[in-house]
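One structure is given below, encoded as structure tokens.
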Amino acid sequence: MSVQAAARLRGKDLVGIDPLSAGEIQLLLDTAEQMRDIAARPIKKVPALRGKTVVNLFFEASTRTRFSFEVAEKRLSADSLNFAAAASSVSKGETLIDTALNLEAMQPDFIVLRHQYAGAPHQLARILKSSVINAGDGAHEHPTQALLDALTIRLKRGSLEGLVVAIVGDLQHSRVVRSNILLLSRMGAKVRVAGPPSLIPPGMGEMGCEVYGRMEDAIAGADVVMMLRIQLERQGRMNFPTVREYYDFFALTPERLKLARKDCLVMHPGPMNRGVEIDSRVADGPQSVILEQVTNGVAVRMAVLYLLAGGHGEPTAD
Amino acid sequence: MSRLLIKHARVVDPSQRLDEGLDILVADGKIARLAERIDDREATVLDGTGLVAAPGFVDLHVHLREPGFEYKETVATGTAAAVAGGFTAVCCMPNTEPVNDGAAVTEFIRARAAEAGLARVYPIGAVSKNLEGTELAEMGEMVRAGAVAFSDDGKPVQNAYLMRRALEYAQLFDVPVVDHCEDRDLAAKGVMHEGAVSTRLGLRGMPAAAEEVMAARDCVLAELTGGRVHVAHVSTRGALERVHEAKGRGVAVSCEVTPHHLALTDQAVADSEYDTDTKMNPPLRSAEHVDALLHGVLDGTVDCLATDHAPHHADEKALEFDLAPFGVVGLETAVPVTYDLLVRRHKLPLRLYVALWSTNPARLFRLPGGTLKVGSPADVTLLDLEARTTVNPDRFRSASRNTPFAGQRLKGWPAATVVGGKVVWRRDRK
């Protein structure tokens, strides 16, 4: 499979991986790779977004993603504003749409939205003139996470094509798995997912992956194993019995990792539950690229902002 | 009293197996005569040339929202929407505020309907007090006040013991119990149909099984008690199969299907990118379920159509998909959506189509109407099968606009509505 890089992104927004073509994904990754160089310079800043305003509108607590966007915005010289809000409803104060319209009245160029409900970015993108960037919506998508994961793999392996990527954990509640299935399958990787059958939503295979119950079957011979955070806070006690038993069947331990290829990369979107879905010996081991994912997150978010602002080619340092 | 003469219409009346060009004379609010040619100089003439005259359409399932939620709809606006949609009678659900669980609210609704003077309104009383699912409501006094059926629609009865007793007690009045079949634990706060589309959209799904286990329970209880169960808005293949089997054993169970569950699939949620006007309960189902419903309508397993007209204010619908209320309006789009789909595309005979909207629902709830026999109430729905119009919510009479059909161009619209011999609505001709 050869993917022609697109010259630019088609839409004004990034609401998910789903609307992107393989060419657009390639363009984003190529641009992100160039953005990495900026962080290596003595002055980690380019004027590409000088005079642009970015609102980081976070309805859900997030440290890593918000910081990553903020760093990206600062490195591109944009002006950032952070707005932490509680979930909205008619009965409880201002609605999402009113909040967004009020912010838009201050004429920002971007709204980076993190929201606990799926589809919120689409609803805003429809009515706002600003570019809406999805920083995670419910259990739907987290496109910049999938892009940074892809960039991390690509930097280690040169290409995504033909790689076997196993993603393990709570598939039902994960937006990371959805964006990753869409992106990796679109770029020619072979995606396998595994998790407790009580946390596998119906029809997930139709998104472009093979679905397994037993983790061992999914990671056998894999080039990449990506562990998902088990979201204890999002579910009661009916979906799986205990953390203890979860570790027993679904944690990435050194023994299980041996089933994968010898040079298999170990990834995790964070924050990790050490000793639950991942053993510290693996998380901190030589195959782990977990902290590189974080570094690449900044580059990917710079690329998204830069391309949505209409940039192309290499951002120059003036 | 004045007389009305409907001239030159094609009269389609399933109750008399009629489908021919006839004049209809109405006197004192009743059908006085049907004949090939009637002349009456004193009668007001309604020219039915090019139109179909059918027994007044009856909608067994609407939410008029009054008392309590007048910002969504009132009896006046809801019945205005009804007659503009070709309906001469509607049955309204009890999930108002206060709940219609006693004679006072039943009488209030009927008084409001009489003031509006448009469609007939038959209230459906609550099965349980305040829809709480724990104590039976005073069904007898509600029947005396005009209630025609009982339902905890909106907050369906979870307790099988209560449902059993309701089915037994309702037999005293020969009225059906209408159930919104949903096992709330299985539905698990889902906001759309559980399947590949909900998975992709990251929305919590309600499995078809949540409806099917309750439909099965109700069929078993109807058989146990001999009571009449009417399954509201059937939306899954399995629920329809349970109803079909029970009917085969002679159990007194009937069911309705809504226009939106026939015309749309869960893909509409994805295609509209989380438009909350695609959110209702039961949810839009996947194609296999929709196909089963369509077959059920065509082969007669489905007894009737009903809208589940559920108006909500635009402010409430302008929320995140998870937070927006369930429900869509349906009265003003039901006829064209179903005519276009069932008769034009799937070649359902017109007589059967008319029966699904009039004769059958009237019979199920023992309502006057559903026929144009001489002596019956002069409730007539006139249809223009050639009219082709685009659905424009700005022109709705309903106080709400939450339709998933906006912008659809459909053929076959109501042309005029006659209730008790009075022309209560006529379509503007442009």
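Letters go in sequence order (proteins before strands), and every chain restarts at 1. All values reported here derive from a predicted model rather than from experimental measurement.
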Inset, instruction - Give, for atom OG1 of Thr95(A) and atom CG of Asp315(B), the distance between the pair rounded to the nearest 0.5 Å. - result: 8.0 Å
Legend entry - Contacting region of Ser272(B) [heavy-atom separation from chain A under 4.5 Å]: backbone
Legend entry - Region of Asp98(A) that comes under 4.5 Å of a non-hydrogen atom in chain B: neither
Inset, instruction - Report the distance from atom NE2 of His122(A) to atom CD of Glu320(B), rounding to the nearest 0.5 Å. - result: 13.5 Å
Inset, instruction - Check the surroundings of atom NE2 in His244(B): do more than 12 heavy atoms from other residues, nucleotides or ligands lie under 6.0 Å from it? - result: no
Inset, instruction - Please check if the side chain of Arg126(A) supplies one atom and the backbone of Glu273(B) the other of a donor-acceptor pair under 3.5 Å. - result: yes
Legend entry - Side-chain heavy atoms of Glu206(A) within contact of Thr199(B), under 4.5 Å: no
Inset, instruction - Please tell me if the side chains of Gln123(A) and Leu319(B) come closer than 4.5 Å, counting only heavy atoms from C-beta onward. - result: no
Legend entry - Between Leu203(B), Val197(B), Asp322(B), the one whose heavy-atom pairs under 4.5 Å with chain A are most numerous: Asp322(B)
Inset, instruction - Evaluate the ring planes of His140(A) and Tyr274(B), with Trp represented by its six-membered ring, and classify them as parallel (under 30°), tilted (30 to 60°) or perpendicular (over 60°). - result: perpendicular
Inset, instruction - For Ala118(A) and Gly202(B), work out which heavy atoms get closest and say how close. - result: CB-O, 3.6 Å
Inset, instruction - Without swapping roles, check the side chain of Arg178(A) against the backbone of Leu201(B) for a donor-acceptor pair under 3.5 Å. - result: no
Legend entry - chain B contact via Leu124(A) - which portion, at a heavy-atom distance below 4.5 Å: neither
